[in-house]
Enquirer: 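Got a structure for you, questions after.
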Amino acid sequence: NAGVMQNPRHLVRRRGQEARLRCSPMKGHSHVYWYRQLPEEGLKFMVYLQKENIIDESGMPKERFSAEFPKEGPSILRIQQVVRGDSAAYFCASSLNVGGTYNSPLHFGNGTRLTVT
Amino acid sequence: ELKVEQNPLFLSMQEGKNYTIYCNYSTTSDRLYWYRQDPGKSLESLFVLLSNGAVKQEGRLMASLDTKARLSTLHITAAVHDLSATYFCAVVPLSQGGSEKLVFGKGTKLTVNP
């Protein structure tokens with residue numbers, strides 16, 4: 001079982017460019033979460049998706065950020081017109097979360113470190 | 001809104017010593033997690049605490065949960081250098097149901113000096 005796979009590991013973008021971050025959940029997991037970690041901070045929830053559905057996007061900035069989890073392929077976190085403040089580590093996590101299995105923690109990927117120059 | 005506070009945020013200790021990291025949270029929860037993060041790495045799950053009075057131990061680390069006090073502790077016994085890392089607690093609000101929408105503390109950066 002390959003675990004949660006994120007790519008790229010490191011991404012450098014100039015201000016105004018677009019950043020696309022990819023996440024393939026663990027095999028059999030259909031629930032994906034994106035978190036952002038600023039330097040010296042804890043992780044902050046951004047968005048929770050299931051296949052083809054956004055369940056909770058309460059942590060997503062209102063503009064420039066979007067996420068999807070298509071029927072086939074990885075989940076994508078897209079940041080348009082990046083600014084320096086977007087520089088952070090972005091972590092994806094997946095869970096099985098089948099009705100009441102509360103004792104299975106999220107499985108995190110290794111993260112994508114985005115640097116905006 | 002659920003708030004999670006850890007203290008201390010920075011902890012420098014000598015090998016062989018004991019210490020406790022505290023995690024307070026502001027609203028009712030039925031799940032609390034402890035994670036470890038090494039620099040530039042992902043989060044490694046250490047403990048899941050599900051009920052009041054829960055205590056779990058793994059090696060030199062022991063975690064406990066008091067849901068009435070909304071407090072969890074991570075106790076380090078006879079620290080060794082390999083334990084140097086940042087430790088996060090994370091809580092799922094009771095209202096979230098089955099969703100693993102974690103709220104993280106800011107982390108405790110532990111440095112164990114030889």
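Note: hydrogens, waters and symmetry copies are ignored here, and every other heavy atom, side chains too, is used. Keep in mind that this is a model prediction, so the values were computed, not measured. Note on naming: letters A, B, ... go to the chains in the order of the sequence lines (proteins, then strands), and numbering restarts at 1 for each one.
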Enquirer: Within a reach of under 6.0 Å around CD of A:E41, are more than 12 heavy atoms found that belong to other residues, nucleotides or ligands?
Expert: yes
Enquirer: Flag yes if A:F91 and A:L21 sit in one hydrophobic cluster, no otherwise; membership is Ile, Leu, Val, Met, Phe, Trp, Tyr, and two members link when side-chain heavy atoms are under 4.5 Å apart.
Expert: no
Enquirer: By the salt bridge (charged side-chain N to carboxylate O under 4.0 Å, His left out) test, which pairs, at least two apart or in different chains, include something from residues 49-63 of chain B?
Expert: none
Enquirer: Grouping I, L, V, M, F, W and Y whenever their side-chain heavy atoms are under 4.5 Å apart, do B:I21 and B:M13 come out in a common cluster?
Expert: yes
Enquirer: If two hydrophobic side chains count as joined below 4.5 Å and joins carry through other members, does A:I76 share a cluster with A:V82?
Expert: no
Enquirer: One pair to check against side chain to side chain contact (heavy atoms under 4.5 Å, CB included): B:L43 and A:L43. What are the steps and the verdict?
Expert: CA-CA 10 Å; B:L43 278 76; A:L43 280 70; 3.8 Å; yes
Enquirer: Which atoms of B:E44 come close to chain A, meaning under 4.5 Å heavy atom to heavy atom: side chain ones, backbone ones, both, or neither?
Expert: neither
Enquirer: Could you tell me whether B:K41 atom NZ has more than 12 heavy atoms of other residues or ligands within 6.0 Å of it?
Expert: no
Enquirer: Taking side chain to side chain contact (heavy atoms under 4.5 Å, CB included) as the definition, give me every residue that meets it alongside A:K71, ordered by chain and number, with sequence neighbours left out.
Expert: A:E52
Enquirer: At their closest point, which heavy atom of A:Q37 faces which heavy atom of B:F88, and how far apart are they?
Expert: NE2-CZ, 3.5 Å
Enquirer: Check the pair A:H107 / B:S45 against side chain to side chain contact (heavy atoms under 4.5 Å, CB included), numbers first and verdict last.
Expert: CA-CA 8 Å; A:H107 297 264; B:S45 176; over 6 Å; no
Enquirer: Do any of residues 5-12 of chain A have a heavy atom less than 4.5 Å from a heavy atom of chain B, and if so, which, in residue order?
Expert: A:R9
Enquirer: Do you reckon B:Y87 sits in the same ILVMFWY cluster as B:L11, going by side-chain contacts under 4.5 Å, direct or chained?
Expert: yes
Enquirer: Say you draw a straight line from OH of A:Y48 to NZ of B:K101; how long is it, rounded to the nearest 0.5 Å?
Expert: 11.0 Å
Enquirer: Other members of the hydrophobic cluster containing B:L71, with the 4.5 Å side-chain heavy-atom rule, please.
Expert: B:Y22
Enquirer: If I measure from the heavy atoms of chain A, does B:K106 come under 4.5 Å with its side chain, its backbone, both, or neither?
Expert: both
Enquirer: When you measure from the side chain of A:Y35 to the backbone N and O of B:L102, does any donor-acceptor pair fall under 3.5 Å?
Expert: yes
Enquirer: Return the minimal non-hydrogen interatomic distance between A:F108 and B:S42, and the atom names on each side.
Expert: CB-OG, 3.3 Å
Enquirer: Verify the neighbour count for atom CD of A:Q81: are there more than 12 heavy atoms of other residues, nucleotides or ligands below 6.0 Å?
Expert: no
